[in-house]
Trainee: 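Have a look at the structure that comes next, please.
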Protein chains: 2
Amino acid sequence: MRNGKTLVTGGAGFLGSHLVDRLLADGHDVVVLDNFSTGQRRFLEPAVTSGRCRIVEGDLLDPTSLRQALDGCGLVAHLAANADVRRGLDHPRRDLEQNAFATSALLEAMREAGVERLLFASTGAIYGEPTIFPTPEDAPLPIQTSLYGASKLAAEGLISAYCHGFGLRARIFRFVSILGPRYSHGHVFDFVRKLLISPDAIDVLGDGRQRKSYLHVTDCIEGMLRALEATPEDVPVAVYNLGHTESCTVDTSLDWICQRLGVAPERRYAGGARGWIGDSPRVELDCSRLHQLGWRPTRGIRESVESTVDSLLAHRWLLDARG
Amino acid sequence: MRNGKTLVTGGAGFLGSHLVDRLLADGHDVVVLDNFSTGQRRFLEPAVTSGRCRIVEGDLLDPTSLRQALDGCGLVAHLAANADVRRGLDHPRRDLEQNAFATSALLEAMREAGVERLLFASTGAIYGEPTIFPTPEDAPLPIQTSLYGASKLAAEGLISAYCHGFGLRARIFRFVSILGPRYSHGHVFDFVRKLLISPDAIDVLGDGRQRKSYLHVTDCIEGMLRALEATPEDVPVAVYNLGHTESCTVDTSLDWICQRLGVAPERRYAGGARGWIGDSPRVELDCSRLHQLGWRPTRGIRESVESTVDSLLAHRWLLDARG
């Protein structure tokens, strides 16, 4: 499914920069489009030294940057997004603009440039509060509970309509929370940062019994590339859950984090089944579709949490970068 | 579920103007917001004579018009949309702008104005090409095949997220094609207009065997109001299919139209299972949820088609208005 370079939108982000490194290691040429609002130049240092990674600093909503970035590309991995799942309600337009409008702009630019292949980072949040666990890709049509999920579902819909209308081919991935080196937002990040400042007590959103699943970033990228290679070319749209058969409660992941940090804080629970409005108390995705293509995660979720803690400790600048 | 006036967006349209008439007849005060891009002033003549209908000419994307229109309202019926299902691919941004962005603007304005109740006109097109017939509201999460469906699904998602985040309450309706007086776009309209000009031959999109369902506009409005009254107040989001247990092929509806017009044209089929890219070859919605609330359509689909033909013949200006 590849001719020419691969454009990675959000290529300076957590997931994006790992994908860039992997593509370069596999011998592909890469273009990064990133507005560096949350992306980090330091994540791209290994890529830059390769000499095969072009960086376009610009926004998806700026047509000139977009055209420039798409030049010579045969495949787009669209990872740029507002990933601040929790604060959607503080800025109600942001998810829509950065996730749906930006995707619409990308699709139009791809159509004009004749670029037909797309990988899209969606989210398990589109399942809202599912009734089936683990949740399959063809779960009953959910009610959206977060602007983040709603905006990602909107983007998925636009992508699918373009595939049917204009001959694009898309592979859509609905992720659980991804962990690993360069991880720079989410609850493991927040716990580590807070515990380094105040190791004696920790505020926990919700009741701590929310059950979540995690996936290591290298397993995640392996899954995306497996789907890219193994999905028949003539399938216009294929949707894959990307998660882990294991899950744990927020309390358990906090146990692992505390052990790793050597702290034993008092836990102060905000209470309620959800960490925030729109948080799903249970996230477990059925990844049978990708399993059938031969993909399996290689790391357990405890290992993923622990390696994330270790990496944050080794790169403390990241904890400050979003202070 | 009602205090104050009801704002009907798209109130000068086919469905909107019928709802306005019905609300006025029920004794409610009404505000119409319409940009008159496809709405017709003549549809509002009965409403204007009531003295209880205020008309705001303006666009949902214009904050001033929107604020003005919401003043004094306790309920919004959001019917304004780009309803040109078929030509989405000619103007790829239009569905997104007029359906998703406009809905986002409305939600923000409602939140600011403290208006909490919403009826939303969605569409059965969000089911894409379903695998279950009749298709229930909790059908397997579909792949979008049209920009129209994708943009309406995006709007549904935004509405639901606002309900969960900001305490709005929404009743969402997924319609089949609605017929009846003032009907001014869609295949019955196109067939009648073409046959009046050239009664000897008619072009049929697809193979004529697409199976569709129709609902008369008065039955549709009755269903919406039934859902409004009968859904418990504390349900944040309720979704209802609004259609008919009957269905017919495009060929059969053409038979009825031809008989009514007294013509026997040669039929020239474009071929293929779909009328256009994104057309669903089979539309039959499971309306059990609304049946359980006591609603049933009172008119058969043949009667709906025939009364639409009669009405177009009696108001030929409508056939010209969109020439």
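None of these values were measured; they are calculated from a predicted model. Lettering of chains follows the sequences in order, A, B, ..., and the numbering in each one begins at 1.
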Trainee: Look at the aromatic rings of A:His291 and A:Trp295 and report parallel, tilted or perpendicular, splitting at 30° and 60°.
Mentor: parallel

Trainee: Under a 4.0 Å N-O cut-off, is there an ion pair linking B:Arg274 with B:Glu129?
Mentor: yes

Trainee: Kindly confirm or rule out a cation-pi arrangement of B:Arg282 over B:Phe133, judged by NZ or CZ under 6.0 Å from the six-membered ring centre and within 45° of its axis?
Mentor: yes

Trainee: If I measure from the heavy atoms of chain A, does B:Leu153 come under 4.5 Å with its side chain, its backbone, both, or neither?
Mentor: side chain

Trainee: Look at the aromatic rings of B:Phe175 and B:Phe173 and report parallel, tilted or perpendicular, splitting at 30° and 60°.
Mentor: parallel

Trainee: Holding to ring pair (Phe, Tyr, Trp, His ring centres under 6.0 Å), I want the full list of residues that pass it with B:His164, two or more places apart in sequence or in another chain.
Mentor: none

Trainee: Considering only heavy atoms, which portion of B:Phe101 lies under 4.5 Å from any heavy atom of chain A: side chain, backbone, both, or neither?
Mentor: both

Trainee: Out of A:Ser146, A:Ala154, A:Ala139, return the one with the most heavy atom pairs under 4.5 angstrom to chain B.
Mentor: A:Ala139

Trainee: Between B:Thr145, B:Thr131, B:Leu147, which shows the greatest number of heavy-atom pairs under 4.5 Å with chain A?
Mentor: B:Thr145

Trainee: Is it the side chain or the backbone of A:Leu141 that comes within 4.5 Å of chain B heavy atoms, both, or neither?
Mentor: both

Trainee: Will you find, in the side chains of B:His78 and B:Thr9, an N or O donor that is under 3.5 Å from an N or O acceptor?
Mentor: yes

Trainee: Report which part of A:Glu137 has an atom under 4.5 Å of a heavy atom belonging to chain B: side chain, backbone, both, or neither.
Mentor: backbone

Trainee: Between chain A and each of B:Pro140, B:Pro142, B:Ala105, count heavy-atom pairs under 4.5 Å; write down the option with the most.
Mentor: B:Pro140

Trainee: So for A:Tyr127, is it side chain, backbone, both, or neither that comes closer than 4.5 Å to the heavy atoms of chain B?
Mentor: side chain

Trainee: For A:Leu96, which atoms come within 4.5 Å of any heavy atom of chain B: side chain, backbone, both, or neither?
Mentor: side chain

Trainee: Any side-chain to backbone donor/acceptor pair from B:Lys212 onto B:Ser280? Under 3.5 Å, distance only.
Mentor: yes

